[in-house]
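Each remark here refers to the structure printed beneath this line.
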Amino acid sequence: MHIKAIPGADPRLTNELGLYADRMSVNIELPSQVSLQKLAPQKSKEKILGPMSLIRDGIDRNSKEIVKYKAAPRFVPAGQSTQMIIGATPESDWQILSLTEGLYQKYRLKRVFFSAYMPVVEDRALPALTTPPPLLREHRLYQADWLLRFYGFSARELLDEAHPDFNPLLDPKCNWAVNHLEQFPVEVNRAPYELLLRVPGIGVKSAKRIRAARRQGRLDFDALKKLGVVLKRAKFFIVCGGKSISPLPMDNPGVIAGAVSERSEHSRLGTLGLGNFQQLSLFGPTKEDNVKCLTGQI
């Protein structure tokens, strides 16, 4: 059972409901106090974060009781989550991702969900009805969310004030790798697990498989493919036994970016920073994109 806690609800009621719910959520709705004041003035940062703190503290108390009494978890055993709308207000991806990271660290949320804004009413404070929903942007934020939670990345590594928005043609992990070619290529037979996770095409599952398999012997590229590594991206960033199968030199970020781009027909213009790219339609992300977003194998 998933129960939503309403900002301003009686704390006693929230605590009682937590004993019945598997998961609870308090929707943060918008990425900043300024946007809340503009579009949802009846809500505030304090009213939203207050219940989050209450749920966090209840989960902490319950965890201590589990250890002390060896009892089953009772209070919100699946943790808490939140959701925010993307694209209705002008915050950058950097602001949104930094907020997401802060929510994980301070309130120990299990998940932050992003929802692309779809114009349904006409209002001066909202995007025009003809504005397409930012579905690709939502997709990029979900990919970055996986990198925060499972790949050891920080928000500042993926974006910053000088580069506040995600590349529409490269997933966040590939974009980071292309901008840090000095850390590649990685020798998969020796690299630590944390570094394997930073290689495009190597996900959490395949990194664990590599770590286990190389204890039995030296790995080659055929073995990596069997372990689930996506070589069409990883081949530019790895070597096996000192050997590479990359068809391109690793000294040109633009060329590598074009090779690993998800939209190869646009990669050259995108790499050069040219062209006006439109938001993808509802059916724009490829099947592989959708699988990666669900499984987190980036």
Between Ile202 and Arg233, is any pair of side-chain heavy atoms under 4.5 Å apart? no
Residues that Phe221 engages under ring-ring contact (aromatic ring centres under 6.0 Å, His included), provided they are two or more places apart: none
Side-chain touch Arg214/Arg190, heavy atoms, less than 4.5 angstrom: no
Are Ile6 and Tyr20 linked, directly or through intermediate hydrophobic residues, by side-chain heavy-atom contacts shorter than 4.5 Å (ILVMFWY only)? no
Roughly how far apart are Met24 CE and Thr82 OG1, rounded to 0.5 Å? 12.0 Å
If we ignore hydrogens and angles and just use 3.5 Å, is the side chain of Gln83 paired with the main-chain N or O of Val112 as donor and acceptor? no
Which pairs, with at least one residue in residues 11-37 and sequence neighbours excluded, count as a salt bridge (charged side-chain N to carboxylate O under 4.0 Å, His left out)? Asp10-Arg12, Glu29-Lys43
Going by heavy atoms in the side chains, are Asn189 and Ile210 under 4.5 Å from each other? no
Main chain of Ala128, side chain of Thr131: is a donor-acceptor contact present, judged purely on distance under 3.5 Å? yes
Does the distance from a Lys or Arg side-chain N to an Asp or Glu carboxylate O, for Asp60 and Arg108, drop under 4.0 Å? yes
Any link between Leu135 and Leu129 through a network of hydrophobic side chains (Ile, Leu, Val, Met, Phe, Trp, Tyr) touching at under 4.5 Å? no
Taking Ser53 for the side chain and Leu49 for the main chain, is one N or O donor matched with an acceptor at less than 3.5 Å? yes
Is any side-chain heavy atom of Ser25 less than 4.5 Å from a side-chain heavy atom of Asn27? yes
So Ser81 and His2, do their side chains get closer than 4.5 Å, heavy atoms only? yes
Can you tell me how far the CD1 atom of Ile238 sits from the NZ atom of Lys235, to the nearest 0.5 Å? 10.5 Å
Once you round to the nearest 0.5 Å, how far does CD1 of Ile85 lie from CD of Glu138? 11.5 Å
Salt bridge Arg137-Asp93, side-chain N to carboxylate O under 4.0 Å: yes
Between Asn15 and Ile55, is there a side-chain heavy-atom distance shorter than 4.5 Å? no
Working to the nearest 0.5 angstrom, can you tell me the gap between Gln80 CD and Phe75 CZ? 8.5 Å
Return the set of residues passing side-chain contact (heavy atoms from CB on, under 4.5 Å) with Glu157 (not counting sequence neighbours), or none when no residue passes. Phe153, Ser154, Trp176, Arg198
Verify the neighbour count for atom CD of Gln42: are there more than 12 heavy atoms of other residues, nucleotides or ligands below 6.0 Å? yes
Polar side chain donor-acceptor pair, Glu91 to Ser32, under 3.5 angstrom: yes
Taking the six-membered ring of Tyr193, is NZ or CZ of Arg211 closer than 6.0 Å to its centre and within 45° of its axis? yes
Distance-only side-chain donor-acceptor flag, Tyr104 / Asp145, under 3.5 Å: yes
Cluster link Leu30 to Leu99, ILVMFWY, side chain under 4.5 Å: yes
I want to check something: taking the side chain as every heavy atom from C-beta on, are Ser244 and Phe236 in contact at a cut-off of under 4.5 Å? no
Leu54-Leu13 co-clustered via ILVMFWY side chain contacts under 4.5 Å: no
Minimum side-chain heavy-atom gap Val260-Phe237 below 4.5 Å: yes
Can Leu19 be reached from Ile59 by stepping across I, L, V, M, F, W or Y side chains whose heavy atoms are under 4.5 Å apart? yes
In Å, rounded to the nearest 0.5 Å, how long is the span from CZ of Phe113 to CD1 of Ile86? 13.5 Å
